[in-house]
Amino acid sequence: MNILIVEDDKRIVSFLVKGLRAEGYGTVVAGDGIEAVRLLSRDLGTFDLVLLDLGLPGMSGEEVLAFLRGRSPRLPVIILTARSQVQDKVRGLNLGANDYVTKPFSFDELLARARSAVRTAAQPVATELVVGDIAYDLLTKVARRGDRVIELAPREWALLELFMRHPTHVISRTRIMSEVFEYDFDAGSNVADVYVGYLRKKLNHPGEEPVIKTVRGAGYRFVAPS
Ligand code: CA
């Protein structure tokens with residue numbers, strides 16, 4: 001486990017680094033908020049936990065947390081704060097921290113909270129989208145309609161995900177082009193319509209209720225079968 005420590009108080013840093021290393025954890029230290037953001041930009045995927053002081057030079061812990069949550073909603077963060085006021089804790093939790101400890105804290109307490117935060121973050125999140133009798137597994141990329149398994153090509157994965165995340169919404173061709181094809185829409189292109197056609201054929205076998213409706217002049221709408 002690799003832990004990013006964002007703290008400007010050198011005594012606390014040294015106490016944490018010694019203790020965490022003795023427990024077998026890797027540690028990386030950022031002494032201010034700007035360094036923390038730099039490390040989080042560069043090495044985000046390498047951290048399992050962030051210990052974050054709020055009162056930091058350069059950029060506050062709150063700003064670091066807001067930056068992090070914009071990129072990684074799930075990386076666990078424990079706030080280390082000397083501010084024992086309730087509103088500071090509430091603000092930190094509202095910004096997306098998982099937990100907090102108030103300085104001075106015991107190493108054992110911190111360790112227990114760190115383990116708990118990492119354990120909770122490791123719980124699997126729902127990876128299946130379900131609309132009516134259609135289910136789509138975001139990890140395996142397998143879709144099913146009832147018991148029927150539907151084989152999809154990569155562009156169709158993204159298109160189905162877009163539709164299933166926004167059932168009943170009108171999805172424009174422009175949006176399909178930007179989110180599924182990731183380039184700007186050439187007004188003459190009918191690529192979006194072609195792929196919607198492929199997906200329709202796969203989702204709707206004869207006798208099954210259509211799920212992708214055309215909204216004239218606007219785009220498409222994914223509607224759960226009744
Ligand atoms: Ca501080």
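Atom set for the values below is all heavy atoms of this structure, side chains included, hydrogens, waters and symmetry mates excluded. FYI, the numbering just counts along the sequence from 1.
Here Y100 contributes atom OH and L93 contributes atom CG; the two are 6.5 Å apart, rounded to the nearest 0.5 Å. Rounding to the nearest 0.5 Å gives a distance of 7.0 Å between CD of E208 and CG of D133. Atoms CG and CZ, from L199 and F222 in turn, are 7.5 Å apart once rounded to the nearest 0.5 Å. Here the CG atom belonging to L203 is positioned 5.0 Å from the CD1 atom belonging to I134, to the nearest 0.5 angstrom. Summarising the geometry, atom OG1 belonging to T46 is positioned 8.5 Å from atom CZ belonging to R42; distances are rounded to the nearest 0.5 Å. One finds the CG atom of L160 at 14.5 Å from the OH atom of Y195 (value rounded to the nearest 0.5 Å).
For the pair R155 (side chain) and V180 (backbone), a donor-acceptor distance under 3.5 Å is present. Between the side chain of N190 and the main chain of D193, no donor-acceptor pair closer than 3.5 Å is present. Of the possible polar contacts, one joining the E63 side chain to the S60 backbone as a donor-acceptor pair under 3.5 Å is found. With hydrogens and angles ignored, the 3.5 Å screen pairs no side-chain donor or acceptor of R113 with any backbone N or O of S116.
With no hydrogens or angles considered, no side-chain donor-acceptor pair links D48 and Y25 at under 3.5 Å. A donor-acceptor contact closer than 3.5 angstrom links the side chains of R200 and T214. Looking at R145 and N204, their side chains do bring a donor and an acceptor atom within 3.5 Å of each other. Side chain to side chain, H205 and R148 meet the donor-acceptor criterion of an N or O pair below 3.5 Å. Residues R21 and T27 have side chains that bring a donor and an acceptor to within less than 3.5 angstrom of each other. Judged purely by distance below 3.5 Å, without hydrogens or angles, the side chains of H166 and R175 pair a donor atom with an acceptor atom.
Between E151 and K202 there is no salt bridge, since none of the side-chain N atoms of the basic residue sits less than 4.0 Å from a carboxylate O of the acidic one. Under 4.0 Å is where a charged nitrogen must lie from a carboxylate oxygen, and between R144 and E128 at least one such pair does. We find that E7 and K103 are joined by a salt bridge, their nearest charged nitrogen and carboxylate oxygen being less than 4.0 Å apart. Ion pairing of R115 with E23 is present here, as a side-chain N (NZ or NE/NH1/NH2) and a carboxylate O approach within less than 4.0 Å.
Put simply, the residue from V50, D53, V77 that forms a side-chain contact (heavy atoms from CB on, under 4.5 Å) with V6 is V50. Tested against L52 for a side-chain contact (heavy atoms from CB on, under 4.5 Å), the candidates L68, L4, L65 yield a single pass: L65.
Tracing side-chain contacts under 4.5 Å through hydrophobic residues (I, L, V, M, F, W, Y), one never reaches V101 starting from L75; they form parts of separate clusters. No continuous path of ILVMFWY side-chain contacts below 4.5 Å connects V130 to L138, so the two sit in separate hydrophobic clusters. In this structure, F107 is a member of the same hydrophobic cluster as I78, with clusters built from ILVMFWY side-chain heavy atoms closer than 4.5 Å. Cluster membership for V211 and I176, using ILVMFWY side-chain heavy atoms within less than 4.5 angstrom, is shared. Clustering ILVMFWY residues whenever any of their side-chain heavy atoms sit less than 4.5 angstrom apart, transitively, puts L44 in a cluster other than the one holding V118.
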query: Can you list the steps and then say if L20 with L51 is a side chain to side chain contact (heavy atoms under 4.5 Å, CB included)?
result: CA-CA 12 Å; L20 291 168; L51 302 179; 4.1 Å; yes
query: Please walk me through it: do V196 and L159 pass side chain to side chain contact (heavy atoms under 4.5 Å, CB included)?
result: CA-CA 8 Å; V196 169; L159 184 57; 4.1 Å; yes
query: So M59 and V37, side chain to side chain contact (heavy atoms under 4.5 Å, CB included) or not? Walk me through it.
result: CA-CA 9 Å; M59 190 176 177; V37 163; 3.6 Å; yes
task: Apply side chain to side chain contact (heavy atoms under 4.5 Å, CB included) to R221 and F163, showing your working.
output: CA-CA 7 Å; R221 190 201 301 276; F163 277 127; over 6 Å; no
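For the pair L49 and A117, the tightest heavy-atom approach, listed with the atom from each and the gap, is CD1-CB, 4.4 Å. In terms of heavy atoms, G31 sits closest to D8 at O-CB, 3.3 Å. Of all non-hydrogen atoms in V170 and G219, the two that sit nearest each other are CG1-N, 4.4 Å. What you find for M164 and V131 is that their closest heavy atoms are CE-N, 3.6 Å. Between V223 and K213, the shortest heavy-atom contact is CG2-CG, 3.8 Å. Nearest heavy-atom pair, P76 versus N98, reported as atom, atom and distance to 0.1 Å: CA-OD1, 3.3 Å.
Side chains of V28 and I3 form no contact here, defined as non-hydrogen atoms less than 4.5 Å apart. When side chains are defined from C-beta on, E62 counts as touching L54, because their heavy atoms get closer than 4.5 Å. Taking the side chain as every heavy atom from C-beta outward, L95 and R69 never approach each other to under 4.5 Å. The side-chain heavy atoms of S41 and F67, taken from C-beta on, include a pair separated by under 4.5 Å. The closest side-chain heavy-atom distance from R11 to L16 is not below 4.5 Å. The shortest side-chain heavy-atom distance between L40 and V64 falls under the 4.5 Å cut-off. Within the 4.5 Å cutoff, no side-chain heavy atoms of K141 are placed close to those of L152.
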